[in-house]
Amino acid sequence: QVQMEESGGGSVQAGGSLRLSCDASGFNGDFYCMGWFREAPGKEREGVAGIYMRTRAAYYSDSVKGRFTISLDNAKNTLYLQMNSLKSEDTARYYCASKSGTCVSVWARPKNYNNWGQGTQVTVSS
């Protein structure tokens, strides 16, 4: 059974950086898509970035492209999200998630994922 746990959230001023980590275990092979999602109060959960474990192909939402970087350390089974040039609108609870199979065309849709962490809060003050 896949388990995932996020860490690294916190409070930062606009323009600052944070790195989120997600410790994951229980994978059977490397045919998994892993993603970072966020949910702000009153808003729907949205996909921020995704990565396909086997090829490391990465995907980003337009709102974070060029500022966030998703990466994966297979040896540690740890997923990362490096967040730079943070803005107040990045404030949200961030979740890591995984699903078996491809990321293509589906990585940003929360309903496609069946394994989730508990989330970590990121607060950006302006």
Side-chain angles (χ1 to χ4, degrees):
Q1 181 176 357
V2 175
Q3 295 184 321
M4 310 183 78
E5 183 174 3
E6 306 90 342
S7 62
S11 297
V12 65
Q13 289 192 331
S17 299
L18 280 175
R19 187 176 80 157
L20 305 183
S21 300
C22 173
D23 291 325
S25 62
F27 292 113
N28 182 15
D30 59 1
F31 295 95
Y32 290 85
C33 177
M34 303 180 75
W36 284 101
F37 292 79
R38 65 187 181 188
E39 187 171 339
K43 295 187 177 181
E44 292 186 354
R45 190 169 297 189
E46 64 170 346
V48 173
I51 188 166
Y52 188 51
M53 188 182 289
R54 185 169 179 83
T55 62
R56 303 291 208 284
Y59 307 84
Y60 298 93
S61 67
D62 289 343
S63 62
V64 307
K65 197 173 296 182
R67 298 188 298 123
F68 291 10
T69 302
I70 188 171
S71 61
L72 178 64
D73 184 333
N74 268 12
K76 298 180 180 179
N77 271 350
T78 301
L79 180 71
Y80 300 100
L81 185 68
Q82 177 67 43
M83 305 185 295
N84 298 328
S85 302
L86 282 161
K87 306 175 182 180
S88 57
E89 51 262 45
D90 294 318
T91 295
R93 190 163 185 85
Y94 284 70
Y95 300 86
C96 61
S98 67
K99 61 176 285 295
S100 60
T102 184
C103 286
V104 176
S105 300
V106 299
W107 72 268
R109 301 174 190 167
K111 67 178 182 180
N112 292 323
Y113 292 75
N114 49 8
N115 301 300
W116 292 86
Q118 295 300 308
T120 185
Q121 179 67 34
V122 171
T123 302
V124 184
S125 57
S126 56

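Residue numbers start at 1 and run along the sequence shown. All figures in this text were calculated on a predicted structure; none of them were measured in a lab.
- Salt bridge status for K87 with D90: absent, with no side-chain N to carboxylate O gap under 4.0 Å.
- Placement of Y95 and L72 in two distinct hydrophobic clusters is found when ILVMFWY residues are connected by side-chain heavy-atom separations under 4.5 Å, directly or transitively.
- The distance from atom OG1 of T123 to atom CD of Q13, rounded to the nearest 0.5 Å, is 13.0 Å.
- By the neighbour-count criterion of 12 heavy atoms within 6.0 Å, atom CD of E89 is densely surrounded, having more than that number from other residues, nucleotides or ligands.
- From S17, atom OG reaches atom CZ of R67 across 10.5 Å, with rounding to the nearest 0.5 Å.
- No donor-acceptor pair under 3.5 Å is formed between the side chain of R54 and the backbone N or O of G29.
- The shortest side-chain heavy-atom distance between Q121 and T91 falls under the 4.5 Å cut-off.
- Under the 4.5 Å side-chain criterion, counting only non-hydrogen atoms from C-beta, F31 is in contact with Y52.
- Residue T78 is tested with S21, C96, S71 for a side chain to side chain contact (heavy atoms under 4.5 Å, CB included); the sole match is S21.
- The CH2 atom of W107 sits 12.0 Å away from atom CG of N112, with the distance rounded to the nearest 0.5 Å.
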Inset, instruction - Start with the C-alpha gap between M83 and V12, add the side-chain angles, then the distance that decides, and say whether side chain to side chain contact (heavy atoms under 4.5 Å, CB included) holds. - result: CA-CA 11 Å; M83 305 185 295; V12 65; over 6 Å; no
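- Residues W36 and F68 fail the side-chain proximity criterion, which asks for heavy atoms closer than 4.5 Å.
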Inset, instruction - Just do the side chain to side chain contact (heavy atoms under 4.5 Å, CB included) check on M4 and S98 with the steps written out, would you? - result: CA-CA 8 Å; M4 310 183 78; S98 67; 3.4 Å; yes
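- Contact annotation: the side chain of V104 approaches that of Y59 to within less than 4.5 Å [non-hydrogen atoms, C-beta and beyond].
- Taking 4.5 Å as the limit, every side-chain heavy atom of Y113 sits out of range of all side-chain heavy atoms of R45.
- With hydrophobic clusters built from ILVMFWY side chains whose heavy atoms lie under 4.5 angstrom apart, Y80 does not share a cluster with V64.
- Considering all non-hydrogen atoms of both residues, G8 and L18 come closest at O-CD2, 4.0 Å.
- One finds the CE atom of M34 at 12.0 Å from the CG atom of L81 (value rounded to the nearest 0.5 Å).
- Side-chain contact between R38 and V122 is absent, with no heavy atoms from C-beta onward closer than 4.5 Å.
- Other residues, nucleotides and ligands contribute more than 12 heavy atoms inside 6.0 Å of the CG atom of D73.
- Across M53 and R56, no two heavy atoms sit closer than the pair O-NH1, 3.4 Å.
- Here the CG atom belonging to N84 is positioned 11.5 Å from the CZ atom belonging to R19, to the nearest 0.5 angstrom.
- A92 and A40 get closest at one heavy-atom pair: CB-N, 3.9 Å.
- A continuous path of hydrophobic side-chain contacts links Y60 to L20 [ILVMFWY only; heavy atoms under 4.5 Å].
- Listed for the E6 side chain is a donor-acceptor partner under 3.5 Å among the backbone atoms of G119.
- Contact detail for A14 and S126: the closest heavy-atom pair is CB-CA, 4.1 Å.
- For the atom pair F37 CZ and R109 CZ, the distance stands at 11.0 Å (nearest 0.5 Å).
- The side-chain heavy atoms of I51 and L79, taken from C-beta on, include a pair separated by under 4.5 Å.
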